[in-house]
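Please read all numbers here as calculations on a predicted model, not as lab measurements. Side chains are part of it too, since the values below use all heavy atoms of this structure and drop only hydrogens, waters and symmetry mates.
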Amino acid sequence: MADTSSKQKRNKYDVDESLDSPFSIKHFSKSVKYIKRHSKQLVLALIFSVIAILAGLTFPSMLRIITDKFVPEKNILGIIITGIVGYLLVLTIAFAESKRAKISAKTGQQIVSEIRHDLFMHLQKLPFDYYDSRPHGKILVRVVNYVNSVADFFANGLINIILELLSLVFILFFMFFTNVRLSLIVLVGLVPFATYIILVKNVQRKTSRTFSNKNSNLNAYYQESIDGMRVTQSFDREEKNYSIAYKMAKECAKWFVRRSLIVHTMFPAAIIISAFSTAAVYLIGVSLGESISIGVIIAMGSYCGRFWEPIQNLGNLYNSVIDTAAYLERIFEVMDVEPAISDVEGAYELEDIKGEVKFEHVFFEYEKNVPILKDVTFRAKPGESIALVGPTGAGKTTVVNLLARFYDIKSGSITIDGHSIHDVTLTSLRKQMGIMLQDTFIFTGTIMENIKYGRLDASDEEAINAAKIVSAHDFIMSLPNGYETVVTERGGSLSAGQRQLISFARTLLANPKVLILDEATSAIDTKTELLVQKGLQSLLKGRTSFIIAHRLSTIKNCDRILYIDQKNIAEAGNHEQLLQAHGLYYSLYTSQLTE
């Protein structure tokens, strides 16, 4: 119990996520597969970058020639020609930089789009318990915020790191070509700068990760607060919720400031060391007297400034790398979660079925050594309607969840038409099932789009017919735009009963061979339920159906009723047979009559 309590506490919105692994290049190596797909574009961007670098690095050499040769010789033509060449180089740099920026931005967004696509597709495959065990806001922040945060790195940072490293190589070449001794003086400044980076890197990563956690917590709380706004206002919790959100926002701001303070110390550190290095070049260059010309000293001073520019930029990019590592760590932490339910090796397509369902000696548990079902065995004939009743928590919904393979059984077997559901593909299995769960969800869009959600190729006439069968047509036509009425997220503009009727029509339109209805009529009034029952009788013909309902009037016409209790099937039979047995079902039925 202690472990469970601890796990639940960790998954609260206001508890920081634990990611204690040290900084690793693997967080970036996982991105290589995305980068490889766009290697040609990235190489082209680098070519334009190299052109811009080389063009820019010729200016100090041109300045040296003007200072040491053209000015003493009063060569006006040489100065004019050099100026024209410099102007052309400026145009070349502008053209190359604009092309590089355009290619980098487009490629970076393509990479980010692919990461977002893969992350979202992976989330579609994760089991229910993944979403049950963590705040949805923390999942959302990874899909949106964190992926957006790495966008700039892939669009500019990655190219710029290579660009700045190339700049250093070219600058060093020009420096040593100009004067070796003064070049060595410039390099001495790297020692204190490298020492500084080593000292602050762990502190910077810690603050970046903490800020990331606080931001994630805040987003998770906002998400939960918006989802629960009706309850908040019903219990007059606005002030209390505001104080919680304000406290969390202050924590987020505090760590943002701490991170920013460390991030922005990199630039002044490089500026200070650069200034000392440049001063040393001029002082030592002048002290060497006539052995070094004024043009060389001026050129080396210029190269020294240019040498520290990429160093400063790499320092800032190091900040970006640290932040991106924290974001990638969380993105790939999600993508590394293996779906608990997936197609086994060699899984095959389940062809059109008749609908014979068999549970044979099925054992199941959500948590290890805490059994939910024990040795459950039954057979549903094709077209037979099976009702599942029993006390809350007995395992009724678990039975249908296992049939749809939302969870895998511990032992035993579940087959449809003799095919083990474990051996067929999930897509082919669930495509033949119509599932209406207890938690009715309506998506943002028109009512017609919601009804067609599980069968996009259906015609409007088919959708309307399904709505008529479940008695949803009349209320839909009473809305301002009928079937084209736009509903808000979760169907907030509809009543609970209306939402369930639309969900019911959506399930029926899928034309399944196996129909699963989990409390499908729980929010429908008695009058509407009678209409729905009439339509269902014709719909259920030829389909194997499993119906869970607390209202026994909903299921008394089913072919067979299974009473689930004590982790197994305690009673089985039709309505009349179970009443005559005077057992558990009889007690349940008579208790409802007296309510």
Side-chain angles (χ1 to χ4, degrees), residues 117 120-121 123-124 131 136 140 143 226-227 229-230 352 400 404 406 426-543 545-547 549 554:
H117 172 268
F120 185 76
M121 288 301 294
L123 286 170
Q124 306 292 299
Y131 299 97
H136 292 175
L140 186 63
V143 179
I226 292 170
D227 286 344
M229 191 57 66
R230 291 178 183 272
D352 289 344
V400 294
F406 291 135
L426 287 171
T427 300
S428 65
L429 172 68
R430 292 174 186 168
K431 272 186 176 180
Q432 308 211 46
M433 293 185 177
I435 304 173
M436 183 175 172
L437 300 176
Q438 189 171 356
D439 183 16
T440 301
F441 196 99
I442 300 298
F443 296 89
T444 301
T446 67
I447 289 178
M448 181 63 76
E449 288 171 339
N450 268 280
I451 294 175
K452 290 184 178 181
Y453 187 82
R455 188 182 159 199
L456 299 178
D457 61 343
S459 66
D460 288 356
E461 291 73 18
E462 289 174 313
I464 293 171
N465 185 55
K468 286 180 177 178
I469 291 175
V470 299
S471 303
H473 179 73
D474 288 343
F475 96 78
I476 293 174
M477 293 306 296
S478 69
L479 297 174
N481 296 308
Y483 285 86
E484 295 306 312
T485 300
V486 177
V487 293
T488 57
E489 182 182 359
R490 293 183 177 271
S493 56
L494 302 172
S495 69
Q498 290 172 336
R499 289 197 299 270
Q500 283 199 307
L501 286 174
I502 291 173
S503 181
F504 209 6
R506 177 171 62 199
T507 302
L508 303 186
L509 182 63
N511 194 27
K513 295 294 179 65
V514 176
L515 189 63
I516 295 174
L517 307 176
D518 188 350
E519 290 296 335
T521 59
S522 61
I524 299 174
D525 58 72
T526 305
K527 181 180 178 181
T528 304
E529 184 183 0
L530 293 174
L531 296 174
V532 172
Q533 287 293 337
K534 185 177 178 181
L536 280 179
Q537 295 309 309
S538 59
L539 177 75
L540 295 180
K541 287 181 180 179
R543 292 179 174 85
S545 57
F546 293 85
I547 304 171
T554 306

- Query: Can you check whether Y453's main-chain N or O pairs, donor with acceptor, with R506's side chain at less than 3.5 Å?
  - Reply: no
- Message: Let me confirm one number: the NZ-CG distance from K431 to L429, rounded to the nearest 0.5 Å.
- Response: 12.0 Å
- Minimal non-hydrogen separation, F475 against S478, with atom names: O-OG, 2.5 Å
- Quick one: salt bridge (charged side-chain N to carboxylate O under 4.0 Å, His left out) partners of D474, sequence neighbours excluded? none
- Task: Check whether any side-chain heavy atom of F504 sits under 4.5 Å from a side-chain heavy atom of I469, and report yes or no.
- Result: no
- Query: Hey, mind stepping through Q432 and V514 against side chain to side chain contact (heavy atoms under 4.5 Å, CB included) and telling me if it holds?
  - Reply: CA-CA 6 Å; Q432 308 211 46; V514 176; over 6 Å; no
- Task: Show your reasoning for whether side chain to side chain contact (heavy atoms under 4.5 Å, CB included) applies to V400 and F406.
- Result: CA-CA 9 Å; V400 294; F406 291 135; over 6 Å; no
- Roughly how far, to the nearest 0.5 Å, is CD1 of I476 from CG of L501? 8.0 Å
- Check whether any side-chain heavy atom of I464 lies under 4.5 Å from a side-chain heavy atom of M448, and answer yes or no. yes
- Message: What's the separation between atom CD1 in I547 and atom CG in L517, rounded to the nearest 0.5 Å?
- Response: 5.5 Å
- Could you tell me whether a side-chain N or O of K452 sits under 3.5 Å from a main-chain N or O of A458, the two making a donor and an acceptor? yes
- Query: In terms of ring plane angle, is the pair Y483 and H473 parallel, tilted or perpendicular, where the classes change at 30° and 60°?
  - Reply: tilted
- Hey, could you give me the CD/OG1 distance between E449 and T444, rounded to the nearest 0.5 Å? 10.0 Å
- Minimal non-hydrogen separation, L509 against I451, with atom names: CD2-O, 3.4 Å
- Note on the structure: Output for pair (N450 CG, I442 CD1), nearest 0.5 Å, gives 5.0 Å
- What closest approach, in Å, do T485 and G482 show between heavy atoms, and which atom pair accounts for it? OG1-O, 2.8 Å
- Give the minimum heavy-atom separation between G434 and P512, together with the two atoms involved. N-CB, 3.0 Å
- Do the side chain of E484 and the main chain of N481 share a donor and acceptor less than 3.5 angstrom apart? no
- When rounded to the nearest 0.5 Å, the distance separating OG1 of T507 from CD1 of I502 is 12.0 Å
